[in-house]
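Since the structure is predicted, the reported quantities are computational estimates derived from the model, not experimental observations. Read the numbers this way: they start at 1 and go in the same order the structure lists the ligands and their atoms. FYI, side chains are in, hydrogens and waters are out, and symmetry mates aren't considered; it's all heavy atoms of this structure.
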Amino acid sequence: MIRSPLLEAVPGSIHGFGTRVEWVPPPPPELSQPAQLAPTLEALGAPGARVAMLNQIHGAQVLRADPAGPLWPVGPGDALVCTVPGVVVYVRVADCTPILLVGPRGVAAVHAGWRGTAAGVLQAAVERLLDWSGQRPEDLRAAVGPSAGPCCYEVGPEVVEGLARHAPLELFLHERPGRRPTVDVAAVNLHVLHTLGIQAERLPHCTVCDPGFHSWRRDGALAGRQAAFVGLWP
Ligand SMILES: [Zn+2]
């Protein structure tokens, strides 16, 4: 489990970016929170927490985890906000960028692959989190977790075009003579956070070339997933 020093400094919260070591549940449909999550919750410092998850669809839909409603999954979407202490929310990734947002009155977990990033999932998540929690941008801290890095993430022109809606090319595009360009999706999301006035940091590691992570690009259809968890924890 990897932690962000910036998020760790927010009292009353827990978070962690998983690696391939932590067990991650299969995608929905599932009936209820699996018992195998218990050791991960212990490692997070939130033993016995209720956990909420999404049916991820690579879009920009933001949902809210309400303990009175269904949590497993909350529904189809790619960002999950929670304003209630005692509930941990998470997103599953393998090369897509996980982003965690933490404030004293609300948190969010965001699944931002290139499609979600191009669709503005992070901006949508920040807007809903601020709205639903009554917080201001300066109340929030954010961390952009491990994902496919510019060392490995070769893309076509549609990806460059989609990302260019949100950040200047020189921030994310890595061109190489005679080869397809690579992009830095995490850099785009970090730029979005800074533009929104949110203190944010980026964690190292490329999920493709670091064997400590699951990678869709490296392992194809057999790839597992890692999860990024966040919650208010009294
Ligand atoms: Zn790499």
Do D78 and I57 have side chains that approach each other closer than 4.5 Å (heavy atoms only, starting at C-beta)? yes
Pair up each side-chain donor or acceptor in residues 227-234 with any protein partner under 3.5 Å, not counting sequence neighbours, and list the distances.
| from | atom 1 | to | atom 2 | distance (Å) |
| --- | --- | --- | --- | --- |
| W233 | NE1 | G45 | O | 3.2 |

For the Zn ion (ligand 1), check which protein N, O or S atoms are under 2.8 Å away and list them. C151 SG, C152 SG, C206 SG, C209 SG
Give a yes or no on whether the backbone of E154 and the side-chain of R217 come within a donor-acceptor separation of less than 3.5 Å. yes
One thing to verify: whether R202 and D184 come together as a salt bridge, which I'm taking to mean a side-chain N less than 4.0 angstrom from a carboxylate O. yes
Check: residues 6-18 side-chain donor-acceptor pairs under 3.5 Å, at least two apart:
| from | atom 1 | to | atom 2 | distance (Å) |
| --- | --- | --- | --- | --- |
| S13 | OG | V10 | O | 2.9 |
| H15 | NE2 | S4 | N | 2.8 |

Mind checking salt bridge (Lys or Arg N to Asp or Glu O under 4.0 Å) for D131 and listing every partner two or more places apart, or none if nothing turns up? R128
